[in-house]
**Q** 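Before anything else, here's the structure in question.
No experiment lies behind these values; they were computed from the predicted model shown.
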Amino acid sequence: MAKGGKGAAKKVDGVASGIIAKKAAEFFEVPDVPGGSGRLPGGAPGWPPGKPTGPKPPHGAPGAAEWRYQRYLHRAHGKGKGPNDVLPFEAWKQTSYDPAVRGGRPGRRGGPDQVAAKQHLTEHYGVQEVENVKLGSHYPDGIRPNAAGGTDYFEVGAMTQGGLPESRERVKLANELPALGDNDSLQFVDKMNPDEDRWLKYADGDDPLTKRYIPPAAGEG
């Protein structure tokens, strides 16, 4: 091979290596974030995350999502969370940034357990996850039409060992129940066990502050 040919081949190999390296970086890393390493949180390099740099860009501006993601990481670290306790950039963007750009209420999907429970309701019970449907002064986590021509509303959250929704959920349920229509219903779903036999179903006269899930007695069911 001519001397010039060897040089050209070497240059091509270098370009190919650069492309491969770039693709590998795209696969294993999230987009670069101002003040951070850009790696997936579980990858640990660059942890703890620093504050985002520069002024906060408005939604839709270049770097707006990345700036807010860096703020999310920094705040998570400030609450004692580690790199395995936070969402990768794309997952965070889908659940927090994108809804805000569309005018929704970002961050409402909750943590991994709550997200999984909502997906379970959608896949097995036809519940539509919503962000902007109001029930009284609150926004339920899901809805579905019922056979009576009304709407079934769903709230997903933590349940105590005693079978009560956690306190903030009880307050929310108490505010939502009076807003139900004649053919509507309201269910509370334990995020750790979202199957229907564990739903708390509320009707007129129920007190959401005291109604609890009571497991079947031994030998039943």
**Q** Got a second to check how far Lys118's NZ is from Glu123's CD, nearest 0.5 Å?
**A**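 Lys118 atom NZ to Glu123 atom CD measures 14.5 Å (nearest 0.5 Å).
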**Q** Please determine, by modelled atom types, if Asp195 and His120 share a side-chain donor-acceptor pair under 3.5 angstrom.
**A**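 Distance-only check passes for Asp195 and His120.
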**Q** Search all heavy atoms of Pro48 against all heavy atoms of His77 and return the closest pair with its distance.
**A**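 Closest approach of Pro48 to His77: CB-NE2, 3.2 Å.
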**Q** Hey, does Thr122 have a side-chain heavy atom less than 4.5 Å from the side chain of Gln128?
**A**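 Gln128 does not reach Thr122 side chain to side chain.
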**Q** Count the heavy atoms belonging to other residues, nucleotides or ligands that lie under 6.0 Å from CG of Asp182, then report whether that count exceeds 12.
**A**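 Counting other residues, nucleotides and ligands, CG of Asp182 stays at 12 neighbours or fewer.
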**Q** Would you say Pro194 and Val156 make side-chain contact, with heavy atoms under 4.5 Å?
**A**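 A side-chain contact is absent here, since even the closest heavy-atom pair is not under 4.5 Å.
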**Q** Check for a donor-acceptor pair, side chain of His74 on one end and backbone N or O of Pro49 on the other, with a separation under 3.5 Å.
**A**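 Looks like yes, one N/O pair under 3.5 Å.
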**Q** Quick one: are Arg68 and Pro57 in side-chain contact, heavy atoms under 4.5 Å?
**A**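 Heavy-atom side-chain distance check passes, below 4.5 Å.
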**Q** With heavy-atom distances below 4.5 Å as the criterion, would you say the side chains of Lys211 and Leu200 are in contact?
**A**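 Side chain of Lys211 against side chain of Leu200, heavy atoms only: contact under 4.5 Å found.
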**Q** Could you state the interatomic distance from CD (Gln114) to CD (Glu155), rounded to the nearest 0.5 Å?
**A**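 Between atom CD of Gln114 and atom CD of Glu155 there are 9.0 Å.
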**Q** Test of understanding: clusters of I, L, V, M, F, W, Y form through side-chain heavy atoms closer than 4.5 Å, transitively. Do Tyr125 and Val189 belong to the same one?
**A**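 Both belong to a single hydrophobic cluster.
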**Q** Is there side-chain contact between Trp47 and Leu73, with at least one heavy-atom pair below 4.5 Å?
**A**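 Contact flag for Trp47/Leu73 side chains = yes.
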**Q** Rounded at 0.5 Å granularity, tell me how far CG in Asp141 sits from CG in Leu135.
**A**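 Spacing of CG (Asp141) from CG (Leu135) equals 11.5 Å.
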**Q** Would you confirm whether Asp206, through its side chain, and Pro208, through its main-chain N or O, come within 3.5 Å as a donor-acceptor pair?
**A**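 No, Asp206 side chain to Pro208 backbone: no donor-acceptor pair under 3.5 Å.
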**Q** Nearest 0.5 Å, please: how far is CG in Leu180 from OG1 in Thr151?
**A**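 These two atoms lie 9.5 Å from each other.
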**Q** Rounded to the nearest 0.5 Å, what separation is found between the OH atom of Tyr72 and the NZ atom of Lys93?
**A**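 The NZ atom of Lys93 is 15.0 Å from OH of Tyr72, to the nearest 0.5 Å.
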**Q** May I ask you to test the Glu66-Phe89 pair for a side-chain heavy-atom distance under 4.5 Å?
**A**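 A side-chain contact under 4.5 Å exists here.
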**Q** Quiz question: by atom type and distance under 3.5 Å, do the side chains of Ser185 and Asp152 form a donor-acceptor pair?
**A**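 There is such a pair between these side chains.
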**Q** Rounded at 0.5 Å granularity, tell me how far OG in Ser137 sits from NZ in Lys172.
**A**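 So the OG of Ser137 and the NZ of Lys172 are separated by 9.5 Å.
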**Q** Is there side-chain contact between Met159 and Phe188, with at least one heavy-atom pair below 4.5 Å?
**A**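 In short, these two side chains touch, coming nearer than 4.5 Å.
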**Q** Mind listing the closest non-hydrogen atom pair of Leu209 and Ala174 along with its distance?
**A**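 Shortest heavy-atom separation between Leu209 and Ala174 comes out as CD2-CB, 4.3 Å.
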**Q** Could you walk me through whether Arg198 and Asp190 pass salt bridge (Lys or Arg N to Asp or Glu O under 4.0 Å), step by step?
**A** CA-CA 7 Å; Arg198 284 190 48 97; Asp190 180 2; 2.9 Å; yes
**Q** Tell me every residue that passes side chain to side chain donor-acceptor pair (under 3.5 Å) with Glu169, counting only those two or more places apart in sequence or in another chain.
**A**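 None.
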**Q** In sequence, state the C-alpha distance, the side-chain angles, and the governing distance for Glu129 and Arg144, and then conclude on salt bridge (Lys or Arg N to Asp or Glu O under 4.0 Å).
**A** CA-CA 9 Å; Glu129 189 176 340; Arg144 71 177 180 186; over 6 Å; no
**Q** Going by ring pair (Phe, Tyr, Trp, His ring centres under 6.0 Å), Trp199 matches just one of Phe154, Tyr213, Tyr153. Which one?
**A**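 With Trp199 as partner, Phe154, Tyr213, Tyr153 yield a single ring pair (Phe, Tyr, Trp, His ring centres under 6.0 Å), made by Phe154.
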**Q** Going by an N to O cut-off under 4.0 Å, is there a salt bridge joining Glu196 and Lys201?
**A**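 A salt bridge is present here (some side-chain N lies under 4.0 Å from a carboxylate O).
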**Q** For Gly50 and Gln70, which heavy atoms make the closest approach, and how far apart are they?
**A**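 That closest heavy-atom pairing would be O-NE2, 2.7 Å.
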**Q** Minimum heavy-atom separation for Ala158 to Lys191, with atom names?
**A**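 Looking at all heavy atoms of both residues, the shortest contact is CB-CE, 4.0 Å.
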**Q** Output, in order, the C-alpha distance, side-chain angles, deciding distance and verdict of side-chain contact (heavy atoms from CB on, under 4.5 Å) for Leu173 and Tyr202.
**A** CA-CA 9 Å; Leu173 292 162; Tyr202 298 92; 3.4 Å; yes
